[in-house]
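Chain letters run A, B, ... following the sequence lines, proteins first, then strands; residues in each count from 1.
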Protein chains: 2
Amino acid sequence: MVVDHLGTTFAALSDPTRRAMIERLSRGPASVHGLTEPFALSQQMISKHIAYLVRARIVIKTRRGRESVCTLRPEAIKTVSDWAISYRQFWEESFDKLDAVVNRMKSEVSNDKKHGQ
Amino acid sequence: MVVDHLGTTFAALSDPTRRAMIERLSRGPASVHGLTEPFALSQQMISKHIAYLVRARIVIKTRRGRESVCTLRPEAIKTVSDWAISYRQFWEESFDKLDAVVNRMKSEVSNDKKHGQ
DNA sequence: ATGATCCACAACCATATGGTAGTGGATTTT
DNA sequence: AAAATCCACTACCATATGGTTGTGGATCAT
């Protein structure tokens, strides 16, 4: 079976801890230890989350001495953006329709005012 | 605990069947039966997937006679887009840096050519 | 060399999810 | 009224995930 890259990406993003880690990494690479500190989670759990991000190709891990440095892959997040933007036309149309409805309601209201009830 | 809306949204998007259902619904509302046909999955399973999408507030279900009509909520997908776009600055900077590296490599290559090896 | 630090691996548990099969309730259709 | 259609509910199973504890291997500092 073909691997569902986008699927594993979304799955990786479904956890708030991992999204926070991404936010942290967007401000520069960090070691596993550096990622553990802010999160009140065990080091083992952080390693698991990182493994998940690595599997989803969102993060790259490189060994430097006794540290593992994690780096964010910008392409990964762009992939998500591209997916969502592919529906841009749909949601803009929907919002336009909503606008139209609102406007019609407004004019009906002013109509009511003119004609009384 | 506070509900992690974005998290359940991403989780809902992690399944290829559900993403295909979203693609289908972006072209207009459909009944459960209408959503079952293209997917070679049992009706029960499709109902489960729809329930997942409803829980993530991506889809709204309305009963009409014996049918349940599913409609896509455009705001839900816009949420995903907004999340990804919040990292736009990060990835554009990264791509710029990559460009810089590539350019430096190019100039080094032309340098090698000039000086021989 | 010894201890401390950073990290990975394994075993284990509870829960959620993807999937099946079976059933029964409404609503249309005939 | 009877049959067919559309859908939801339940029970059940295998697997993946979030989380824990325990441990051991490298690497750095003293």
Side-chain angles (χ1 to χ4, degrees), chain A residues 1-25 28-72, chain B residues 1-25 28-72:
Chain A
M1 185 185 147
V2 183
V3 182
D4 177 16
H5 283 305
L6 193 53
T8 55
T9 299
F10 278 130
L13 295 177
S14 68
D15 186 89
T17 301
R18 288 194 290 264
R19 288 201 304 281
M21 291 167 78
I22 288 175
E23 202 279 326
R24 165 69 190 78
L25 290 177
S31 67
V32 175
H33 182 67
L35 285 173
T36 304
E37 280 175 331
F39 289 117
L41 271 179
S42 65
Q43 168 260 314
Q44 291 89 331
M45 204 53 228
I46 296 292
S47 281
K48 272 198 182 179
H49 280 307
I50 292 175
Y52 215 119
L53 290 170
V54 168
R55 211 183 57 183
R57 304 181 173 202
I58 296 175
V59 161
I60 291 177
K61 226 167 54 171
T62 335
R63 203 92 212 231
R64 260 180 41 187
R66 69 180 162 181
E67 288 190 335
S68 276
V69 178
C70 301
T71 313
L72 196 56
Chain B
M1 184 186 144
V2 185
V3 182
D4 178 16
H5 283 304
L6 192 54
T8 54
T9 299
F10 279 131
L13 295 177
S14 69
D15 186 271
T17 301
R18 288 194 290 265
R19 288 200 306 280
M21 290 166 79
I22 288 175
E23 202 279 325
R24 165 68 189 79
L25 289 177
S31 68
V32 174
H33 185 239
L35 285 173
T36 304
E37 279 176 331
F39 289 118
L41 272 179
S42 66
Q43 170 259 315
Q44 292 91 328
M45 205 54 229
I46 295 291
S47 280
K48 271 197 183 180
H49 280 307
I50 292 175
Y52 216 120
L53 290 170
V54 168
R55 211 182 57 183
R57 305 181 172 201
I58 296 175
V59 161
I60 292 178
K61 226 168 53 171
T62 335
R63 204 100 213 219
R64 260 180 41 187
R66 69 180 162 180
E67 289 190 334
S68 278
V69 178
C70 301
T71 314
L72 196 55

- [ ] Could you identify which residues of residues 50-66 of chain A place a heavy atom less than 4.0 Å from some atom of DNA chain C, listed by residue number, or say none?
- [x] A:Lys61, A:Arg63, A:Arg66
TODO: Report the end-to-end axis angle of the helix from C:dA1-D:dT30 to C:dT30-D:dA1; each axis comes from five terminal pairs, and the value is rounded to 10°.
DONE: 20°
Open item on the list: How long is the straight-line distance from CG of B:Leu41 back to NE2 of B:His49, given to the nearest 0.5 Å?
Closed with: 5.5 Å
- [ ] Can you see which heavy atom on B:Ala56 is nearest to which on B:Thr8, and at what distance?
- [x] CB-O, 3.7 Å
Open item on the list: Measuring only between side-chain heavy atoms, which start at C-beta, is A:Val59 closer than 4.5 Å to A:Leu72?
Closed with: yes
Task: Partner residues of A:Arg19 under the side-chain hydrogen bond (donor to acceptor under 3.5 Å, both in side chains) criterion, sequence neighbours left out - done: B:Asp4
- [ ] Report which part of the nucleic acid A:Thr36 touches: base, sugar-phosphate, or nothing (heavy-atom distance under 4.0 Å, all strands).
- [x] nothing
Task: Leading and trailing nucleotides of DNA chain D with any atom under 4.0 Å from heavy atoms of chain B - done: D:dT5 to D:dC9
- [ ] Could you tell me whether A:Ser31 contacts a base, only the sugar-phosphate backbone, or nothing, with contacts defined as non-hydrogen atoms closer than 4.0 Å?
- [x] sugar-phosphate
Task: Between SG on residue B:Cys70 and NZ on residue B:Lys61, distance to nearest 0.5 Å - done: 6.5 Å
TODO: For B:His33 and C:dT29, give me the distance from atom NE2 to atom C1', rounded to whole Å.
DONE: 15 Å
Task: Minimum-distance pair of heavy atoms, taken over all atoms of A:Asp15 and A:Thr17 - done: OD2-N, 2.8 Å
Task: Minimum heavy-atom distance B:Ala11-A:Ser14, with the two atoms named - done: N-CB, 3.6 Å
- [ ] Pull out every residue in residues 39-47 of chain A that has a heavy atom closer than 4.0 Å to any atom of DNA chain C, ordered by number, or say none.
- [x] A:Gln43, A:Gln44, A:Ser47
Task: Heavy-atom pair of closest approach, residues A:Leu25 and A:Ala30 - done: CD2-N, 3.7 Å
- [ ] Just jot down the side-chain hydrogen bond (donor to acceptor under 3.5 Å, both in side chains) partners of A:Ser47, sequence neighbours excluded, or say none.
- [x] A:Gln43
